[in-house]
Amino acid sequence: MQAVEEAFREHGLGRAQMPPKSYLYYPQGDLRTMPAYLEGRGSTGVKIVNVHPGNPEVGLPTVMALMVLNSSSTGAPLAAMGATYLTAMRTGAAGGVAARLLSRPGSRVAGFVGAGAQARTQLLALSRVLKLETVRVADVSMQRCRDFERECRPILDCEYVLTTDIQEACRCDVLVTTTPSRTPLVRSEWIEDGTHINAIGADAKGKEELEAALLCRSRVVVDDMVQAVHSGEVNVPISQGTYLQSQIHGQIGEVVAGKISGREDDREITIFDSTGLAIQDVATATVVYEKARKSGRGTALKFM
Ligand SMILES: NC(=O)c1ccc[n+]([C@@H]2O[C@H](COP(=O)([O-])OP(=O)(O)OC[C@H]3O[C@@H](n4cnc5c(N)ncnc54)[C@H](O)[C@@H]3O)[C@@H](O)[C@H]2O)c1
């Protein structure tokens with residue numbers, strides 16, 4: 001979370017290079033490349049990552065990734081690393097940073113729509129920034145809800161409510177949505193004033209999880225304006241004219257850097273629209289690389 005928050009700050013201060021992700025679309029999913037350069041830290045590299053929602057049925061994760069870190073001074077590759085776990089961790093970290101900045105003080109109940117890989121690291125991060133007493137988890141599959149509770153209880157031992165009814169998960173202080181949905185799942189009327197929402201699942205054109213009416217009554221903070229308009233929670237409503245880009249409050253890095261406000265009172269609904277930024281990958285992969293170098297882990301490879 002520290003590395004991701006720092007990366008958001010650099011982005012907010014205009015000290016990061018990050019061209020928008022490029023996508024290849026397949027009938028079953030997509031593949032993206034994500035380059036970035038954190039100028040202050042000198043960290044740079046590129047991630048290759050897929051999203052194939054049907055993969056769990058063939059025994060593979062929906063999201064898998066490979067990261068290459070480079071030297072900014074020579075361009076030479078420094079390391080190649082599997083980045084599937086890294087992706088889940090940096091996505092969770094973004095949710096944790098956003099919840100710390102935007103949720104109502106005293107938030108005790110977290111709701112989850114989607115109980116897959118990203119939901120687990122979202123809960124891990126929330127457990128570090130909030131004093132959660134209850135976790136409400138909704139998924140189309142009750143078995144996935146049960147697996148979620150079994151795997152998450154060692155991280156956070158609290159009351160778990162498992163359900164297939166999304167409305168039930170919405171009775172919470174902090175809601176996290178992590179499905180690959182292409183139709184809104186969360187209705188505006190289910191969300192009470194004061195709720196904070198981490199909208200994580202919509203990260204490609206055509207994806208959405210929240211009703212446009214909900215966006216319209218909320219303070220929406222995106223991770224990156226260009227990416228969010230193209231592929232974030234706001235992408236479909238903006239393209240349909242039911243929500244305007246000018247209604248977006250700003251970017252999370254601008255909140256971290258103190259350039260814009262976060263939550264302003266206990267009654268407002270706040271939404272963090274996360275598309276996932278390449279700077280999150282570069283920042284966290286650099287931490288992994290430095291730790292591996294220090295502890296002598298990894299395998300020396302000859303790239304040239
Ligand atoms: N914002 C980011 O940085 C970021 C990073 C990684 C992944 N993602 C996105 O997050 C989403 C989830 O990724 P994941 O790795 O957790 O996938 P996953 O397949 O592990 O989990 C998704 C879960 O959502 C559930 N689900 C699907 N449709 C549902 C519905 N209509 N109602 C309730 N539950 C439903 C599935 O049963 C599954 O348990 C994907 O869309 C992915 O592209 C975003």
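We number each residue from 1, following the sequence as shown. As the structure lists them, so they are numbered: ligands from 1, and atoms in each ligand from 1.
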Grouping I, L, V, M, F, W and Y whenever their side-chain heavy atoms are under 4.5 Å apart, do Leu24 and Ile48 come out in a common cluster? yes

Do Thr33 and Ser22 pair up side chain to side chain, a donor and an acceptor below 3.5 Å, judged on atom types alone? yes

Indicate if Val176 and Leu123 have the same hydrophobic cluster label, given that clusters are the connected sets of ILVMFWY residues with side-chain heavy-atom separations under 4.5 angstrom. yes

Backbone of Leu102 reached by a side-chain donor or acceptor of Thr270 within 3.5 Å: yes

Remaining members of Ile166's ILVMFWY cluster at a side-chain heavy-atom cut-off under 4.5 Å? Val113, Leu175, Leu185, Val186, Trp190, Ile191, Ile197, Leu210, Leu214, Leu215, Val220, Val222, Met225, Val229, Val234, Ile238, Tyr243, Ile248, Ile269, Ile271

Looking at Arg9 and Glu6, is there a salt bridge between them, counting it only when a charged N and a carboxylate O are closer than 4.0 Å? yes

Which protein residues come within less than 4.0 angstrom of ligand 1, counting heavy atoms only? Val51, Thr62, Val63, Arg90, Thr91, Gly114, Ala115, Gly116, Ala117, Gln118, Asp139, Val140, Arg144, Ile166, Thr178, Thr179, Pro180, Leu185, Ile200, Gly201, Asp203, Lys207, Ser274, Thr275, Gly276

